[in-house]
Amino acid sequence: MKPEERHLFIEACFRRPVERTPVWMMRQAGRYLPEYRAIREKYDFITMYKTPELVAEVTLQPVHRLQVDAAILFSDILVIPEAMGMALEFRERQGPVLLEPIRQVGQIPSLKPVEPETDLNFVLEGIRLVRRELEGRVPLIGFSGAPWTLATYMIEGGASRNFGHIKRWRFGQPDALHQLLERISDAVVAYCRAQIAAGAQAIQLFDSWAGILDAAGFEAFALRYVRKIIQEIRTPGVPIIYFARGVGAWLPRLATCGADVVGLDWQVDLRTARQILGPRMALQGNLDPTALYAPPPVIRQLVREMLKRYGAGSGHVANLGHGILPDVPVEHARAFIEAVKTESPVFHNTSETERLP
Ligand code: 1CP
């Protein structure tokens, strides 16, 4: 069989049998890698994600160095607000900032519909380059921000402490918020479809700020749009992952999102999550990213515990519960990846797993 015909990562996403648990790390293409920092010394972050050759190079760095089971495109969720016409600036030590956040309903009509082939061609070209260079070794994950999280950045302007602006919309003018979320959803659908057409083999929707909502708000302002997007971008053979942070209290609701895989943060217990979500979807996660500060033998033990919490059989993609932190030693990241690869086969071998508690 040619390598591209069967990828562990894709098989596990669809809960088909695998000989071991596949593993990758959110934010694996980033600052903890010295080779990333070396490029970053020469270019600012925005130039990097707008240059397809650099996108390809950085995307492949963790594949070469750590032999992860999937590549994730080096880019950012804020390319969508930027393509909709919002000015974006990257500030060192602060991160990305949208210079004129949306604070009035009247600003919504000025947002442009997104045409990925023209507005975001640097992403699509990056995908094509990565696919060519990967030669089918591991699959490439494309991604987008989910509408709620993108709306949070568009209204707050950047990272926020209390999310006072968007919360004011959520409770005070929900219709205006829905109007904005509709527009963002249209852009996300077009963007994800274009990524798949260019060669993305899986799509992850990042809802990093879902956890600031209340239960009813999570359903009305986050899930409802995610469900619709997933229906519209569904493509045979291309798994869709929904990563929502801070939503452990709403697992039964999460089960209705329609994704093939749900990404979980480290506060969720994998066994409980599998009981609730397992019959319908695969699970991805969820080691605490700060666990990678521990020495490698401890990391190995923590990985063993994570695998055991999930239990026997397929349907688990090992990952961190959020992005890898910039000051984690590369050798600790390697210990995480290797521990999953060497410890997990026992959980896929029925004669062995029958003996597990
Ligand atoms: O070199 C630098 O200083 C830039 C650091 C950096 C990197 C490497 C940023 C700025 N973004 C990225 C890459 C990135 N961002 C990827 C690449 C693929 C990967 O390796 O996983 C992805 C998937 C993202 C997604 C992203 N960007 C999210 C969702 C995931 C998450 O971590 O919650 C969010 C919220 C962003 C916004 C963003 N971009 C960058 C920063 C520092 C932030 C966070 C700002 C904040 O809210 O505090």
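Just so you know, ligand 1 is whichever comes first in the structure, and atom 1 is the first atom listed for that ligand.
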J.: Below the 3.5 angstrom mark, is there an N/O of W24, backbone or side chain, next to an N/O of ligand 1?
T.: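 In fact, backbone or side chain, W24 has no N or O that close.
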J.: Nearest non-hydrogen atom to atom 13 (C) of ligand 1 belongs to which of A29, S75, G30?
T.: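 Ranked by closest heavy atom to atom 13 (C) of ligand 1, first place is S75.
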J.: Indicate, with yes or no, if the rings of H178 and F221 have centres closer together than 6.0 Å.
T.: yes
J.: Can you name the atoms of ligand 1, numbered from 1 with element, that are less than 4.0 Å from a heavy atom of L73?
T.: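 Reading through ligand 1 atom by atom, the close ones are 17 (C), 18 (C).
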J.: Report the part of H322 (side chain from C-beta onward, or backbone N, CA, C, O) that has a heavy atom under 4.0 Å from ligand 1; answer both or neither where that applies.
T.: side chain
J.: Of R37, R27, R31, which has the heavy atom at the shortest distance from atom 43 (C) of ligand 1?
T.: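 Heavy atom nearest to atom 43 (C) of ligand 1 belongs to R27.
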J.: Can a side-chain donor-acceptor contact be found between H348 and S314 if the only test is distance below 3.5 angstrom?
T.: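 The answer is no; no qualifying pair exists.
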J.: Would E331 and R334 pass as an ion pair if we require N to O under 4.0 Å?
T.: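 Yes, E331 and R334 are salt-bridged.
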J.: Verify side chain to side chain contact (heavy atoms under 4.5 Å, CB included) between Q61 and Q28, making sure each step is shown before the conclusion.
T.: CA-CA 9 Å; Q61 284 175 348; Q28 67 188 16; over 6 Å; no
J.: Just distances here: any N/O of R245 and N/O of ligand 1 closer than 3.5 Å?
T.: no
J.: Should one rank I77, D76, L205, I141 by closest heavy-atom distance to atom 39 (N) of ligand 1, which comes out on top?
T.: D76
J.: State whether the shortest distance between N or O atoms of Y153 and N or O atoms of ligand 1 falls below 3.5 angstrom.
T.: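 Yes: some nitrogen or oxygen of Y153 is under 3.5 Å from one in ligand 1.
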J.: Does ligand 1 have a heavy atom under 4.0 Å from the side chain of F243, from its backbone, from both, or from neither?
T.: neither
